[in-house]
Amino acid sequence: NSGDLSSAGDTSAGDAAAVGYTTAEGLILTGQGSTSDITIKNDADVTVMSIPTGTTNVGIGTTAPQKALNVVASSSSTTIGSSTAVIQVGNSSGAAFGVTAGIELFGSGAPSAGLGNRSAAIYGLYEAYNGSGNAGALVFATNPAGTTAVAERMRIASDGNIQIGSQASNTNSGRFFDLYNTGADAGTFAVMRFITQQVASASTTSADFVKYKSGGLIINNNDTHANA
């Protein structure tokens with residue numbers, strides 16, 4: 001076949017520009033330029049992707065990526081949701097409510113090492129279809145110790161309501177902000193504490209606005225500062 005590279009073999013570090021093929025790596029592109037090793041341009045001769053010389057950084061829309069992946073787009077719009085987005089992430093699995101598309105963050109090890117190395121994730125969640133478009137929520141999740149499954153920690157619903165620690169208000173309207181403590185002790189686990197620098201140690205509560213899980217509500221100030 002014309003252009004068949006099935007037996008081309010690997011490229012080498014000294015190649016100025018080479019195309020190769022191995023059964024393990026597939027198609028191989030190797031370059032060596034003064035500013036970029038690999039450059040991909042469109043039919044208007046505009047650089048679409050670039051790998052700067054001697055790096056493994058990939059730039060899309062930029063020839064000078066500073067991290068493993070830099071994506072840059074140009075937009076003069078100041079309207080959120082217009083043409084200001086740089087990256088789009090989607091899920092084509094279907095239209096079922098609750099389907100998510102997201103980004104997973106691995107703080108230790110590579111994703112190929114398994115989900116046990118996952119630290120956190122951010123998801124866009126499909127809540128409902130309202131007749132003219134999708135209603136969506138933004139979900140923040142972290143990975144608890146001893147499990148490979150992320151747990152939802154905070155959600156900004158499509159109506160702007162915010163839930164922290166619980167999804168309890170997902171089906172309850174009329175509340176803008178829910179703060180929930182997932183601790184097992186119903187009597188002593190506080191929902192909210194305020195700690196200031198005026199107290200002797202960081203472990204000392206200087207001001208309380210506490211709603212205990214057992215039902216008690218406490219508003220207290222034990223800050224010893226003169227302005228308290």
Would a hydrophobic clustering, with Ile, Leu, Val, Met, Phe, Trp and Tyr connected at side-chain separations under 4.5 Å, put [X] with [Y]?
X: Val48; Y: Leu29; value: no
X: Val139; Y: Val89; value: no
X: Ile162; Y: Leu138; value: yes
X: Ile87; Y: Ile40; value: yes
X: Ile51; Y: Leu27; value: yes

For the residue pair [X] and [Y], what are the closest heavy atoms and their distance?
X: Ala149; Y: Pro144; answer: O-CD, 3.3 Å
X: Ser36; Y: Thr39; answer: CB-OG1, 3.5 Å
X: Tyr123; Y: Arg118; answer: OH-NH1, 4.2 Å
X: Thr22; Y: Glu25; answer: OG1-N, 2.9 Å

Supply the atom-to-atom distance [X] [atom1] to [Y] [atom2], rounded to the nearest 0.5 angstrom.
X: Asn42; Y: Met49; atom1: CG; atom2: CE; answer: 13.0 Å
X: Thr55; Y: Lys67; atom1: OG1; atom2: NZ; answer: 13.0 Å
X: Thr62; Y: Leu69; atom1: OG1; atom2: CG; answer: 11.0 Å
X: Thr142; Y: Leu105; atom1: OG1; atom2: CG; answer: 11.0 Å
X: Asn70; Y: Asn57; atom1: CG; atom2: CG; answer: 7.0 Å
X: Thr30; Y: Ile38; atom1: OG1; atom2: CD1; answer: 6.5 Å

Query raised in the report: Got Leu125 and Arg155 here, is their nearest side-chain heavy-atom distance under 4.5 Å?
Result: yes

Query raised in the report: Taking the side chain as C-beta and beyond, is there a heavy-atom pair between Ile28 and Val19 under 4.5 Å?
Result: no

Does [X] reach the main-chain N or O of [Y] with its side chain, forming a donor-acceptor pair under 3.5 Å?
X: Thr53; Y: Gly33; result: yes
X: Gln66; Y: Ala64; result: yes
X: Asn91; Y: Thr100; result: yes
X: Asp37; Y: Gly54; result: yes

Query raised in the report: Does atom CD1 of Ile103 have more than 12 heavy-atom neighbours from other groups under 6.0 Å away?
Result: no

